[in-house]
Amino acid sequence: MSEGRPPVPASPTLEDVARAAGVSRATVSRVINGIRNVDPMIQETVRQAIAETGYVPNRAARSLVTRRTGAIALIVSGAGEESGENPFHSQVFADPFFGRVASGVVGFLRPRGIHPILMFAETAEARAQVIAYLRQGNADGAVLVSTQAQDPLPRLLVDASLPAVLFARPAEPIPISYVDVAHRTGAKLAADHLVARGRRRVGTISGPLDVPASQDRLSGFRDAMAAHGYPYIPCVEGNFTLNSGEAAMERLLAEHPGLDGVFIANDLMAQGALPVLRHHGRRVPDDVAVVGFDDSSAATASRPPLTTIRHPVEDMAAEMARLLLAHVDDLDQPVTSIIFEPSLVIRDSA
């Protein structure tokens, strides 16, 4: 009965890849196992040959050689409820910032055959689970986005000697690599733009002031406005959410009804602030010019579209993943920081 069946094609082998790439079998093996001493052009040739032949590495065998899992943990850490329905998850998914981080991490890792595992660490129990998961070797390391200044997880990762890279400067000085943006520079761009637009009665809505990024954006904006001759800039604190932007704008407008310009420390808060200005009869930008920060999807979804400071989140997230892989390759590599430059994106709100 089996005589009529077509033969099953053999799976591509290392030798097939080596033949297609014009290199040795050992070179193909080094590329697949992530060994560093292979010329980048040869690595690319081998990867193309892998794609053309359809070769699928034996991940179990590879793990025995490299002691790697081919996975990393993408951790979002912050404060949440200890029990019951947890608003932390919904807050994360509602903020376009986190989608941009995930996009940058996945975009970097996927072509390298590495997969992120999304984990949340909003409680002490969840943080303990994350540390245990990593210690058990289920992932090669972690990229971490923290949503609160006093998050203990970065310190826990350092104390456990686990490879990890943080998005944004930690609130306390600890030996962990991180990527960040020059927040003060971005805030200065916002101040310069508002002044150039002739705005003289300017206020600001900050993020939570226990967060280094919020502190830097506020101080950078105030310093830049002072350099332009405006020493007093009223501020209302928000917490980077749409609802907090709405409430902060109500308060800022009530306390300073003559306001003609406002710098808002992220686009999501600005999206919440714009309807408040319309409700009170303020036209944007005619009566009040508004500048945000991030250049997220909230900026283009706002009405009018938001002039903002571009925070290159996707590029930063990709660099965070690259740094992590470098630490995984060399556990003795010193910690480092990489700071990206922001830019002004002019739309209709200012």
Side-chain angles (χ1 to χ4, degrees), residues 27 30-48 50-51 57 59 62-63 65-77 97-119 121 130 133-134 137-146 153-154 157-158 160-170 174-183 212-213 294-296 310-343:
T27 297
R30 285 198 297 271
V31 172
I32 289 172
N33 291 325
I35 297 172
R36 295 164 66 89
N37 62 343
V38 180
D39 182 272
M41 292 183 65
I42 294 177
Q43 291 184 40
E44 183 57 31
T45 299
V46 171
R47 291 192 185 104
Q48 289 178 0
I50 290 171
R59 190 163 297 279
R62 178 181 172 185
S63 294
V65 173
T66 64
R67 298 188 182 277
R68 295 189 200 166
T69 65
I72 68 162
L74 170 55
I75 306 169
V76 183
S77 180
F97 167 82
F98 296 104
R100 295 177 66 193
V101 171
S103 175
V105 169
V106 172
F108 181 84
L109 294 177
R110 189 175 182 183
R112 292 160 176 81
I114 300 171
H115 305 284
I117 301 165
L118 179 61
M119 304 185 76
V130 164
Y133 184 87
L134 293 171
N138 294 301
D140 297 321
V143 289
L144 171 63
V145 181
S146 183
L153 188 55
L157 291 166
V158 169
S161 299
L162 293 165
V165 178
L166 184 61
F167 194 104
R169 173 167 55 94
I174 56 175
I176 189 170
S177 291
Y178 67 87
V179 300
D180 208 343
V181 70
H183 299 281
D294 279 343
D295 196 28
S296 69
R310 174 154 179 77
H311 188 179
V313 172
E314 293 86 352
D315 293 340
M316 294 167 64
E319 183 62 21
M320 182 168 59
R322 187 197 69 78
L323 276 178
L324 177 64
L325 295 189
H327 283 300
V328 170
D329 281 345
D330 180 5
L331 295 178
D332 294 325
Q333 179 169 309
V335 298
T336 188
S337 58
I338 297 178
I339 310 300
F340 286 72
E341 288 299 315
S343 58

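FYI, the numbering just counts along the sequence from 1.
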Looking at P334 and H327, what are the two nearest heavy atoms and their distance? O-CE1, 3.5 Å

Taking all non-hydrogen atoms of both residues into account, name the closest pair between M316 and V179 and its distance. O-CG2, 3.6 Å

Pairwise distance CZ(R100) to CG(D315) - rounded to 0.5 angstrom: 9.0 Å

So how far is it from D294 CG to R310 CZ, rounded to the nearest 0.5 Å? 10.0 Å

I need the L153 CG to L144 CG distance, nearest 0.5 Å. 5.0 Å

Name the residue from L166, I338, I339 that meets the side chain to side chain contact (heavy atoms under 4.5 Å, CB included) definition with D180. I339

Say you draw a straight line from CG of L134 to CE of M119; how long is it, rounded to the nearest 0.5 Å? 6.5 Å

H311 vs F167 aromatic rings, parallel, tilted or perpendicular, using cut-offs 30° and 60°? tilted

Find the distance between CG (L325) and CD1 (I114) and round it off to the nearest 0.5 Å. 4.5 Å

Minimum heavy-atom distance A164-I176, with the two atoms named: O-CG1, 3.8 Å

Taking all heavy atoms of P163 and all of D140, pick out the closest pair and write down the distance. CG-O, 3.6 Å

Using modelled atom types and a 3.5 Å cut-off, is there a donor and acceptor pairing between side-chain atoms of E314 and backbone atoms of S103? no

Atom pair CD (Q48) and CD (E44), whose distance is rounded to the nearest 0.5 Å: 4.5 Å

